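Inspection log for the structure reproduced underneath, given as structure tokens.
What's counted below: heavy atoms across the whole structure, side chains too, no hydrogens, waters or symmetry copies. Computed from a prediction, not measured in an experiment: that's the story for all the values here.
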Amino acid sequence: MITVEDFFAQHDAWPWNPPRPGRATFHYLILVTEGELRHDVDHVTRTVAPGQWLWVRPGHAQCWHPPGAARGPFILFEPDVLTPGTARLLAPLTAHDAPAVLSPHPDDVRWLQQTAFQLLDEHRALGRRPLDVHHALRRSLLESLLLRLANAPGIAPADTTAGTGRGDTYGRFVDALELHFRELHRAADYAELLGCSVRTLSRAAQDATGTGVRELINERRLLEARRLLGVARWDARAVTAHLGFTDPANFGRFFRDRTGSTPAAFAAREASDA
């Protein structure tokens, strides 16, 4: 736990001079209280205004912009810090495809800011009280903040029912896709895995996103390809094998049709930008 301004001050020229893309291994959660923060998340530049939150989740590609006048608390936490019950309630908020920029419900803005600064104060209070109490307080404040932030527009309510309903089908599909997008590439594969018909899965995806199952699978594979070619500096042949394409030419057509660029040209552009 730190503030944005202290993070910039402590790290001097790194990692924004020059900008160096990287891949998040834990959650980055930033509340902007003053100024404006610009940050790339999965190759898209996000602008975060006062009152908004930036959330970079594990696995996302990110790149810092040069520090500006942004101010506010900066929370970093690992996924397993949340208790299982709370993690289940927060699944729509912590999901890989949840929004990177959150604008809380107006009724929650002041409360969220106060809680974030209480969490910062408790983090700085190491040694003021027994260590186990200190850790319990930090977890409690973090979970309270996240549960309130889950009320933000654009975040679907958690489905706490067990195994029925189209919403649950889509949620289980998203979880399955995150685990298996490298080797399973057909709607029928996921329908079989989830124990439902392709028609049921397709309707669930359409209701939730307006997009078909096949396109969602392709979007996830494309996102991973961009991350590997850009941040990780993999070559096209390695990405081809990792994502289950039959050969580099097949992967090249897939990538070019969706980005307008060849894998090699995209990788070269990303390297020059860095």
Side-chain angles (χ1 to χ4, degrees), residues 1-82 93-94 96 98-104 108-128 134-135 137-139 141-146 148-149 152 154 226-227 230-233 269-274:
M1 184 85 197
I2 196 171
T3 64
V4 174
E5 55 269 33
D6 286 346
F7 175 77
F8 285 141
Q10 291 176 13
H11 289 83
D12 193 21
W14 180 90
W16 43 80
N17 186 23
R20 296 186 181 93
R23 194 158 186 179
T25 56
F26 42 84
H27 292 279
Y28 289 65
L29 183 60
I30 300 174
L31 166 63
V32 175
T33 58
E34 298 178 38
E36 185 177 85
L37 180 70
R38 297 177 71 237
H39 197 84
D40 289 357
V41 182
D42 281 333
H43 308 282
V44 177
T45 299
R46 321 284 175 154
T47 300
V48 192
Q52 293 183 314
W53 295 72
L54 172 73
W55 195 322
V56 183
R57 296 164 178 86
H60 286 174
Q62 64 168 340
C63 186
W64 293 88
H65 283 245
R71 299 288 185 272
F74 180 3
I75 304 165
L76 301 96
F77 66 95
E78 296 181 344
D80 60 1
V81 74
L82 303 175
L93 186 66
T94 58
H96 192 267
V101 179
L102 297 169
S103 298
D108 293 331
V109 171
R110 185 177 180 83
W111 188 95
L112 284 165
Q113 179 171 324
Q114 291 174 340
T115 305
F117 280 108
Q118 286 176 343
L119 180 56
L120 177 61
D121 179 69
E122 183 57 39
H123 177 76
R124 291 170 170 171
L126 181 63
R128 189 187 302 170
H134 171 71
H135 288 327
L137 277 169
R138 288 197 306 166
R139 177 183 283 112
L141 286 166
L142 175 63
E143 291 187 340
S144 296
L145 186 152
L146 298 181
R148 196 76 167 255
L149 194 57
R226 288 165 60 92
R227 289 171 171 169
V231 173
R233 301 288 190 264
R269 186 168 62 251
E270 289 292 304
S272 65
D273 289 345

Measuring from [X]:[atom1] to [Y]:[atom2], what's the distance to the nearest 0.5 Å?
{"X": "L76", "Y": "I2", "atom1": "CG", "atom2": "CD1", "answer": "8.5 Å"}
{"X": "F7", "Y": "W64", "atom1": "CZ", "atom2": "CH2", "answer": "4.5 Å"}
{"X": "L102", "Y": "D108", "atom1": "CG", "atom2": "CG", "answer": "12.0 Å"}
{"X": "L112", "Y": "L146", "atom1": "CG", "atom2": "CG", "answer": "9.5 Å"}
{"X": "H123", "Y": "L137", "atom1": "NE2", "atom2": "CG", "answer": "14.0 Å"}
{"X": "L142", "Y": "Q118", "atom1": "CG", "atom2": "CD", "answer": "13.0 Å"}

Distance-only, no hydrogens or angles: does the R71 side chain make a donor-acceptor pair with backbone N or O of G35 under 3.5 Å? no

Would you call the rings of F77 and H27 parallel, tilted or perpendicular, taking 30° and 60° as the class edges? parallel

The single option from R128, H135, H134, R138 that satisfies side-chain hydrogen bond (donor to acceptor under 3.5 Å, both in side chains) with E122 is H134

For residues 42-54, run the donor-acceptor check on the side chains, cut-off 3.5 Å, and write out each pair with its distance to 0.1 Å, sequence neighbours left out.
| unit_1 | atom_1 | unit_2 | atom_2 | d |
| --- | --- | --- | --- | --- |
| D42 | OD1 | A61 | N | 3.0 |
| D42 | OD1 | R227 | NE | 2.8 |
| D42 | OD1 | R227 | NH2 | 3.1 |
| D42 | OD2 | R227 | NH2 | 2.8 |
| H43 | ND1 | E270 | OE1 | 3.4 |
| H43 | NE2 | R226 | O | 3.4 |
| T45 | OG1 | D40 | OD1 | 2.6 |
| R46 | NH2 | V41 | O | 3.2 |
| Q52 | OE1 | A49 | N | 2.8 |
| Q52 | NE2 | S103 | OG | 2.8 |

Are side-chain heavy atoms of [X] and [Y] found at a separation under 4.5 Å?
{"X": "T115", "Y": "R148", "answer": "no"}
{"X": "W55", "Y": "L149", "answer": "yes"}
{"X": "F74", "Y": "D6", "answer": "no"}
{"X": "L120", "Y": "T3", "answer": "yes"}

In terms of heavy-atom contacts, M1 and A116 come closest through CE-O, 3.4 Å

Please report the closest heavy-atom contact between A24 and Q62, naming both atoms and the distance. CB-NE2, 4.1 Å

Can you list everything that forms a ring pair (Phe, Tyr, Trp, His ring centres under 6.0 Å) with H96? Sequence neighbours excluded, please. H60

